[in-house]
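Quick note on labels: first sequence line is chain A, next is B, and so on, each numbered from 1.
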Amino acid sequence: DVKVTQSSRYLVKRTGEKVFLECVQDMDHENMFWYRQDPGLGLRLIYFSYDVKMKEKGDIPEGYSVSREKKERFSLILESASTNQTSMYLCASILAGDNEQFFGPGTRLTVL
Amino acid sequence: AQSVSQHNHHVILSEAASLELGCNYSYGGTVNLFWYVQYPGQHLQLLLKYFSGDPLVKGIKGFEAEFIKSKFSFNLRKPSVQWSDTAEYFCAVEGEGTYKYIFGTGTRLKVLA
């Protein structure tokens, strides 16, 4: 059973803080994704990574960066958090050649 | 522009009623299609998927979806819903082989016991 874990379920930060969201998968998946989920907007892709140290921008990368130093770990970084980044953040992973995404439980981030 | 539209944002049904959730997409190329479900307090999980072949696909928990290429649609159906189907449902499209998934805005289904 694939397991995708995220470091925090709930996080509260202040405007201007640097925020790290961590995601770890235990099934040796090549591809990992970060989405944000907002009511009425569904899921929007922020970044994805298809290999260690490789990344591609999704639809809404502004204000975010990512890091993939190890295959199992994909980090989302908010360099300077802003209130409009208050959201639910979802991590997902996929095995290369497959298409089913496995999602983590999400991190609900509130920026005050 | 690439997009996915889910026309029903909120649906309320009584148990045993039939369900159909609409999904239309706009994409200039071959696509893979998905329905994901998020039960209250749980992870998003795959309900069913279509890659090729028979346009009528069956998923878990009695759900099915039909791909109609000419209409760019991938509607989700269930003949008889249960209270436990209360959840949010997301349609998604992936440009074949791109790993770039586009999700719809979701449909919140509430089934009354």
Side-chain angles (χ1 to χ4, degrees), chain A residues 1-6 8-10 23-27 29-51 54-61 66 68 74 87-108, chain B residues 1-10 21-27 30-53 57 59-60 67 74 76 87-109:
Chain A
D1 228 16
V2 177
K3 197 167 182 182
V4 180
T5 57
Q6 295 183 230
S8 307
R9 291 300 302 271
Y10 300 94
C23 174
V24 177
Q25 48 91 8
D26 66 357
M27 282 300 289
H29 285 179
E30 288 81 4
N31 304 289
M32 296 186 74
F33 304 78
W34 275 107
Y35 294 91
R36 62 178 283 175
Q37 182 181 9
D38 299 288
L41 296 177
L43 277 72
R44 293 178 291 165
L45 181 63
I46 304 171
Y47 269 97
F48 73 100
S49 168
Y50 50 90
D51 202 349
M54 307 303 285
K55 62 185 179 186
E56 279 208 28
K57 292 181 180 178
D59 298 318
I60 51 164
V66 290
R68 187 135 181 237
F74 191 34
S87 186
M88 171 69 87
Y89 290 88
L90 297 178
C91 176
S93 72
I94 305 178
L95 186 65
D98 197 357
N99 296 84
E100 178 180 349
Q101 293 187 84
F102 292 88
F103 284 88
T107 296
R108 187 167 291 283
Chain B
Q2 301 160 359
S3 64
V4 175
S5 296
Q6 291 182 243
H7 313 296
N8 318 101
H9 300 295
H10 292 90
L21 301 183
C23 173
N24 287 87
Y25 68 93
S26 171
Y27 195 93
T30 306
V31 295
N32 297 318
L33 298 156
F34 307 82
W35 276 97
Y36 281 84
V37 61
Q38 189 170 33
Y39 298 103
Q42 294 189 27
H43 303 195
L44 266 163
Q45 58 185 282
L46 183 68
L47 203 52
L48 47 78
K49 59 186 177 184
Y50 172 80
F51 294 161
S52 63
V57 292
I60 60 172
F67 171 49
F74 189 55
L76 181 71
E88 190 161 16
Y89 294 81
F90 294 92
C91 180
V93 162
E94 180 223 1
E96 193 178 44
T98 66
Y99 291 111
K100 280 201 167 183
Y101 292 76
I102 305 167
F103 282 79
T105 54
T107 297
R108 284 187 187 270
L109 171 66

Worksheet entry | Partner set under salt bridge (Lys or Arg N to Asp or Glu O under 4.0 Å) for Arg108(B), not counting sequence neighbours | Glu88(B)

Worksheet item: What are the two closest non-hydrogen atoms of Gln6(A) and Pro105(A), and how far apart are they?
Response: OE1-N, 3.7 Å

Worksheet entry | Geometric class of the Phe102(A)/His29(A) ring pair [parallel <30°, tilted 30-60°, perpendicular >60°] | tilted

Worksheet entry | Largest heavy-atom contact set with chain B, pairs under 4.5 Å, which of Gly40(A), Gly42(A), Pro39(A) | Gly42(A)

Discussion item. So if I take each residue of residues 99-106 of chain B and look for any heavy atom under 4.5 Å from a heavy atom in chain A, which residues do I end up with?
Written reply: Tyr99(B), Lys100(B), Tyr101(B), Phe103(B), Gly104(B), Thr105(B)

Worksheet item: Checking Gln37(A) against chain B: side chain, backbone, both or neither under 4.5 Å from a heavy atom?
Response: side chain

Worksheet item: Side chain of Trp34(A), backbone of Phe74(A): donor and acceptor closer than 3.5 Å?
Response: yes

Worksheet item: What part of Leu41(A) gets closer than 4.5 Å to chain B, counting heavy atoms only: side chain, backbone, both or neither?
Response: backbone

Practice prompt. Give the ring-plane orientation class for Phe33(A) versus Tyr35(A), where under 30° counts as parallel, over 60° as perpendicular and anything between as tilted.
Written response: parallel

Worksheet item: What pairs with Asp38(A) under salt bridge (Lys or Arg N to Asp or Glu O under 4.0 Å), at least two apart in sequence or on another chain?
Response: Arg36(A), Arg44(A)

Fill in: ring pair (Phe, Tyr, Trp, His ring centres under 6.0 Å) involving Tyr27(B) - partner list, sequence neighbours excluded
none

Item to complete: Test Cys23(B) against Val4(B) for side-chain contact (heavy atoms from CB on, under 4.5 Å), laying out the working first.
Response: CA-CA 7 Å; Cys23(B) 173; Val4(B) 175; 3.8 Å; yes

Discussion item. Quick check on Thr107(B) against chain A: is it the side chain, the backbone, both or neither that has a heavy atom closer than 4.5 Å?
Written reply: neither

Discussion item. Is Gln6(B) close to chain A through its backbone or its side chain, or both, or neither, when contacts mean heavy atoms under 4.5 Å?
Written reply: neither

